[in-house]
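Proteins come first, then strands; the chains are lettered A, B, ... in the order of their sequence lines, and each starts at number 1. Quantities reported herein were computed from a predicted structural model and do not represent experimental measurements. Worth knowing before you read on, the calculation uses all heavy atoms, side chains too, and leaves out hydrogens, waters and symmetry mates.
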Amino acid sequence: MSTAVTTGRRLAPQAGEVIDRRAPLSFRWDGKTYTGFVGDTIVSALVASGVDVFSRSFKYKRPRGVLSATFHDPGCTVQVGDEPNVRAAHRRLAAGMEVSPENVWPSLKFDVGAANQLLGRFLSSGFYYKTFIKPQRLWPAYQQILGRFAAGGVTAADAEHGYFDKRYIHVDVCVAGGGPAGMAAAVAAAESGASVLLVDEEYELGGHLRYGGDADLAALAELRAEVAVHESIEVMTNAAVTGRYDMNWIAVVQRQPGISVQGHAIHERLCKVRAGSLVVAAGLIERPYVFAGNDLPGVMLSTAVRRLVNLHAVRPGDNAVVFTANADGDACAQDLRRIGVGVTVVDARTDANIRRAEGGKRVKTVELADGRRVDCDLLVTAVGWTAATPLLNMAGDRPQYDATAARFFPTDRLAANVVVAGALAGDGSTSELVAHGAAAGATAAARAGHGSEVPAPALARVPHPELYRSTTHGIVDFSEDVSSKDMFSAKKEGYDSIELVKRYTTVTMGPSQGKLESANAVAIMAEAHGVSDFNEIGTTVWRPPYVPITLGALGGRGFENTRFSPMQPWHEQHNAKPLVAGDWIRPEHYGDPAAEVANVRRSVGIIDVTPLGKLDLRGPDVPKLLNLLYVNKWSRLPIGAVRYGVMCAEDGVVMDDGVTGRLGENHYIMTTTSSGAATVWEWTENWLQTEHPDWQIHVTPVTTGYASMNVAGPKSRELLGRVVSGVDLANDAFPYMHVRTATVADIAGCFMWRIGFTGELSYEIHVPAAYGLHVWEALFDAGFDLGVVPFGVEAQRIMRLEKGHFIVAQDTDGLTLGFGADLGWCIKLDKDDFAGKPELVWQSRRDDYQRLVGMQPVDPTIVPAEASQIVEGTKKIVGRVTSSRMSPTLGRSICLGFVEPRLATPGTIVTCQLPDRRRVPLKVIEGLAHFDPDGARMRI
Amino acid sequence: MSTNGLGRRTKYPAKYSAFSLIKHGLTKADWPQAWRKHELKSSYDVVIVGAGVHGLATAYYLATNHGITNVAILDKGYVGGGGSGRNTAIVRSNYLTPEGVRFYDRSVKLYEGLAADLNFNIMFGQMGHLTLAHNDSSLRTMRWRAEVNKLEGIDSEVIGPDDIKKLVPYMDTSENTRYPILGALYHPPGGTVRHDAVNWGYARGADVRGCEIHQQTEVQSIETVDDRVVAVDTSRGRIATSTVVNCTAGWASLINAMVGLKMPLVTHPLQAAVTEPVKKFLNAVVVSGSLHVYVSQTDRGELVFGASTDPYPSYSMRGSLAFTEELAGHVLELMPGIAKMRLLRQWAGLCDMTPDFSPIMGITPVKGFLVDVGWGTYGFKAGPVSGESMAQLVATGITPENIASFDLARFPEGRLVGEKGAAAVGH
Amino acid sequence: MSGPPIAPIPVARSPIVATPPVEVVAGWEVSTHRSTAALRVSDLTWLCKVAVKADANGAFTARHPTTFGSARRLPGDLIEIGSDPGGWLTIGPVGDAAALVERLTDEVADAGEMVSVIDLTHGRALLRLTGPDSVGALAKLCAIDLADAVTPNLAAFRSSVGSLVTDVVRDDLVDGTLSYLLHCERSSGQHLFSCLVDAGAEYGIDIAGPPI
Amino acid sequence: MIQVPCPWCGPRNSMEFRAVGESKSRPDVSTTTPEQWRHYLYTKSNLADWVTETWYHRAGCRRYFAVERHTVTNDIRESRLPAAQLRRQSDSGS
């Protein structure tokens, strides 16, 4: 590599740099305009422009600069436009980016919060648990103030949602980590014939090779070429495996994948991967060193310096102290010398050490263990590594500490479909790591059914000094501002397990989730406990996601099923007010529900009841099934007849109701409530498949095979007479509670039954769905002169309430047994068996349950809100109103509700408390029906 | 009965206060242990299994209200390491049944005085609690709860979209959404506490009064003679005792099995998650039953999410991706503006669900074996009152009126509690 | 209007709003829009669909060896799908439902076996997604592995597509172009259609009327 | 997401299914006592171990079947047709 001439902080062109100097970009930071190049991260561009401080720390508001120059860099979280908490040391620069600092109220430079530094000694961890206790009434005020210190960026209520996306991926092998081992694993797996997904967090494959020397760059070029030739390898960069879940269900987040959908750039995409095997080649994360002043701007990890210098051609300082314990630190010193930075090496391997760093907005002086003081503007530490084991952890492993190599290693507790590759397993040269990766890749492929396993060549565990904390106290968790001193005192207070100290001090709980600090946290705890073996301390459990993922990506495109009837276009043209009823959109009314009621009572109206559940039942054993499902009897239902039935669950609680009609010898149609359609079908299948597989019955749901419409009102027969052929509609020929198949408006294959939910003469017509709109329109054309108008769900609710017909789950609840819903008339306890029979038998012998009754407010103008309570004395609840409406037909308010048995006698006056706390009298009526109790109108 | 009569008279080795903070800051003196370690004794008057909020509170009230201090609290893990440290720490009393309302209201009252009682700031923020209704039937249930709440003197009312928008400006209250917001049950006293603080405060309070907390002490079996408890065998040795209180939530069935009892309990994981912090924008607890989500924002700025329990029973606490997907999708239905916020961490706890969404508290067919289980997804908010009531039962042998309807016998006798209507997600 | 009503001529309609231009063909309102886009979705709801239920080891099964999870192309432009254990769905030309029901019923009428034949033409919405990028689009909606090894041509499965229970049959075109038939409950047809259009947007999906 | 091996459709994501619960046999309604019946309705073993459950493939073949699952690991070691169907098959077989 040629010696570079530096211009300001931007170095001259050099091999391996990822910036494109022909493509300058201008952006704004903290209100000022800066420029950088394509390929720069926000931070590298700012460092090149002389910016040192990117944020203030969470608690003490200390200035923070570059530490790791990676996604996890705790001091480099910024606001970009309406996007909070952007990782500025990772996010690549884009033209016109509006970047602003976070946590710096009122400004990055002047910061009142910095006063906290003086208070620091009082703001020890958990201080808030120990104060603001009294007086209690002031706590909300204290809480307001604490809230101001909340970290992070800002959101806006009206922020643009952005385009997010998801996709499913099925591969034989998923490789997490695109360093040398990961790339080799992918290639080997592909050569075994496996399909491969290769995922890396950075923008290019290569891992640490990217910012290495000439040899590294050469090796990298080779590996990249090998990956490229294999079409069976899908490469995802700037992406991360965020979680490994049961059975290798793997979450991968793709950030700004550079895909545009109809002009919207995809912000993030969640890939849900089902992989035969997972290769974890996540590598090592360089560890910060704990000492006084270790969070000063200008104190950086060796890998941070090498990234800035070699990838982004940025000069991070002029005078450096390099505290190194390994080859990477040495290489960093080399790089610094190459670009002309003055370097003082402090070599840990010769027992030299640093004690503390001093400075204000940037490090000025380093005090060494031997007392020497060295002035510098850059302090580099290379004290060792944290193994990136979260994915292994999620796969059941609990990595063990090895004091010789001074880091954690995987154990054999790993799930068989997860394989470790590369530096996680040990140390080695590039070629050794590649060999290890290749073996891991082949083994992973074999476990996914391709080729055969290859034993991995053992990687050495190179001895490394155990360097965690100097003789001074410093920051352990940079994003939470937790110091080693905090952890010592927490332990002394009895928060002595790693989980307790984590919760008490919040160490490892911040945005970097322990990536940088977990090893140090364990080491500090071991020191506090005076134990040498870290394994006695254990580690906190890493939880998904490995890196934070946007809610947008997790939510995806939000496909929510919505169901419509064939008549929906007509409803929209006629200004129906949409009612969301589960998945269905239904007309609540067409403007005036009361008028719709009046019209039905006076002449004729039509309602769209397509959502009614319909099951086609065929076979000789159908009566057995009906007898089992319903509380009433079905053995002798004649062909052409329909019957109302109620279903109870095994606990006797009312579950569903509807009518079932017999169309032929072995052919029945069952209707259910619209919300109960799916439940009743599954319930039916359950009985047939698990209790009575010997019964000859075929069940077919035909709910939306038919468009269903109820033609109701005294003139409904006359209207139907104009469009129905093949059926004699005369009262005696087609009586109440019967069914006929017919041709309606030239559409054959319709069936219609005569029932009366509204209490009027009415026919429910079921039409082959594709002709639903045709028949619907034909009915309105034909009935124009009869004054036919549509009516909606609300009008139907009013009319059924006038008739005292209850609605399951409104006039009953999760504990209403059959007799409580006034169903004694249809519950046939003399049947051998039916669902819920035992509970109903026992209930029939009791008298202690609330009864469903019809009620009318004594003041007919008062309509109690539904769920108003029936009370006695100051607060005793003795019932409630379940349904309540103003009846246009009766010109008075009417109710259904529950009352204690002793109050159920007709004529009883009960007290109802309205939401506004007024108390009004209601009179219990005879039966449930307020209108036409003996049902004469339905039988005309 | 005073909940802190004896408590006031007990001296903490170091009382927590602003003054003591400054003193310790200046002198750099160490704080004493919040609770101590002990050798396991060969016998205790009462053995409480589970050092979560229910077990610790039971011990605390045994000591403060009844002077019973020869008590061991055993936990196979660490203090508050189970559901008590994994829940979303929502406190409210706007339940459906009068007995439920009265019970949880007592808990809210205890929480309001708890920081002073325990000399430990539990950070009870009563920012208000909103349960959204997206269809007329849930709106009816909200009205039902509101009316029962009012009769019990609880501040609770149904409000409309405009008022909701005022309380939560980020909420999309427009009509043309897939899940339009028709209204909400608004409960001003509802809010959140710092769950760890509650656990630790009770632990410290129980410890200073002589109760012994034994962490890393797993119960392996329970000895009975003629259906009467005589001893508990633990990983650290045998304890003779005549009274065992099962406060182990998701693991309750396993402890019950040690005395041969089966109950209507099914253990389901309940997952939760937090986002990265952003500046405060949400000043209420928001719950949507239909969308299976609840959310609040901590003082640290994180959004804390919860949802309904996992769809099948399990003792696994590994968490699932599907949970975070549904959660995010539904939260964005409510607050589309926060799509670019990032989920930071997810975790799971174990819930022992009952058929009627009410706990099982009190005596069992095995004499001396008491249960405080079946806490499902609503156990934390009931911690203080459960501890108070269980302590009274242990001390007096008489089941307190406020837990009488939560007895185990209600199942064979068909007297289920009617919280079903309000349950689903409601937390 | 008064006097004797004039009954309009019956028109059958799909649950999916037809893309203009729209014509009535064979009694059905269909889009006649044509597309040459690489990825296309067509509404084929008008095709007839007949379901059969029979004993899994009975006479009907013997005559119809289409196994559960697979499909066969049969003479007369029929596709027979093994849609359920002991259940079949036959898709045929528009208007043939009645004849098909009769034929299938008569086939084993004398076998003494209980066989149910039901016309589901009106109960199901039917779509065809065609083009090499069909997999990419479907992979945004459906968790099933669509690789040839797992779901080859004429594989059939029922799963969740866009959070909707949907029947999927891989039915490549004669020229080998990748193509899928998808059908769901009629009332959710518009939803399924919208999901496919949204998922296909990245690949420039276009809407085409049914082949006439 | 765990995969449930459906006896008819093969392994599918658990989202496609409904977990019905511990497999139980229904008491004879003509002789059952309240204790027996409510034990059947409510009481659960709730083991942290291998359990036999009923699952329903809601988004697939719409079949109920039995699953042996470990409630700690969620591993599934077997899935088979419901007991009643197996009985019937063996009956017809013999």
Side-chain angles (χ1 to χ4, degrees), chain A residues 165-170 195 259-262 266 272 274 556-557 559-566 568-569 583-584 610-611 616 618-620 666-667 696-707 722-723 745-747 749 767-775 777-778 781-785, chain C residues 1-15 17 27-29 45-46 51 53-54 86-87 98 114-116 118-125 136 138-147 150 161-165 185-192 194-195 198-199 201-202 204:
Chain A
D165 190 31
K166 289 188 197 180
R167 66 181 265 221
Y168 292 95
I169 297 177
H170 301 263
S195 58
I259 299 164
S260 172
V261 180
Q262 295 175 327
I266 296 179
K272 297 187 274 182
R274 181 72 72 180
R557 306 283 302 147
F559 300 111
E560 297 277 351
N561 185 17
T562 312
R563 304 174 68 182
F564 298 102
S565 108
Q568 180 65 19
D583 292 346
W584 288 92
T610 300
D616 179 291
R618 300 183 188 210
N666 291 334
H667 187 196
Q696 291 230 317
I697 300 176
H698 290 153
V699 181
T700 311
V702 292
T703 297
T704 55
Y706 294 95
R722 299 176 178 182
V723 291
D746 302 325
I747 304 305
V767 181
Y771 294 108
L773 183 53
H774 159 75
V775 170
E777 287 176 329
D781 290 351
F784 185 84
D785 58 317
Chain C
M1 179 193 94
S2 68
I6 306 113
I9 300 102
V11 177
R13 295 178 177 88
S14 153
V17 178
W28 283 73
E29 194 177 77
T45 299
W46 69 342
K53 283 188 161 61
M114 179 186 159
V115 176
S116 300
I118 302 179
D119 176 8
L120 287 186
T121 304
H122 293 264
R124 313 286 300 170
L138 267 187
K140 293 188 179 195
L141 303 170
C142 177
I144 299 295
D145 188 348
L146 300 168
V150 183
V161 177
S163 66
L164 173 73
V165 179
E185 255 220 88
R186 177 189 163 103
S187 58
S188 294
Q190 185 66 53
H191 166 75
L192 180 60
S194 310
C195 287
D198 186 276
E202 180 180 337

Give, as side chain, backbone, both or neither, the part of Ala54(C) having an atom under 4.5 angstrom from any heavy atom of chain A. backbone

Check this for me, if you would: do Asp145(C) and Arg274(A) make a salt bridge, where the nitrogen-to-carboxylate-oxygen distance has to be below 4.0 angstrom? no

Determine yes or no for a side-chain-to-main-chain donor-acceptor pair under 3.5 angstrom, with Ser163(C) supplying the side chain and Phe559(A) the backbone. yes

Arg557(A) versus chain C, the contacting section by heavy-atom distance below 4.5 Å: side chain

Of the backbone (N, CA, C, O) and the side chain (C-beta and beyond), which part of Val699(A) lies under 4.5 Å from a heavy atom of chain C, both, or neither? backbone

Side chain / backbone / both / neither for Leu773(A) at chain C, heavy atoms under 4.5 Å: both

Is Trp28(C) in contact with chain A via its backbone, its side chain, both, or neither, using a 4.5 Å heavy-atom distance? side chain

Working note: Glu202(C) + Asp165(A), criterion side chain to side chain contact (heavy atoms under 4.5 Å, CB included); need CA distance, chi angles, decisive distance, verdict. CA-CA 10 Å; Glu202(C) 180 180 337; Asp165(A) 190 31; 3.9 Å; yes

Does Gln190(C) have any side chain to side chain contact (heavy atoms under 4.5 Å, CB included) partners at least two apart in sequence or in another chain, and if so, which? Ile16(C), Val17(C), Phe193(C), Ser194(C)

Between Lys272(A), Arg167(A), Arg563(A), His698(A), the one whose heavy-atom pairs under 4.5 Å with chain C are most numerous: His698(A)

Tightest non-hydrogen contact, residues Ala769(A) and Arg186(C), listed as CB-CD, 3.4 Å

For Pro10(C), which atoms come within 4.5 Å of any heavy atom of chain A: side chain, backbone, both, or neither? both

Could you tell me which portion of Leu138(C) (side chain, backbone, both or neither) has an atom closer than 4.5 angstrom to a non-hydrogen atom of chain A? neither

Minimum heavy-atom distance between Arg13(C) and Glu777(A), given as atom pair plus value: NH2-OE1, 4.3 Å

Toward chain A, the part of Ser14(C) with a non-hydrogen atom under 4.5 Å: neither

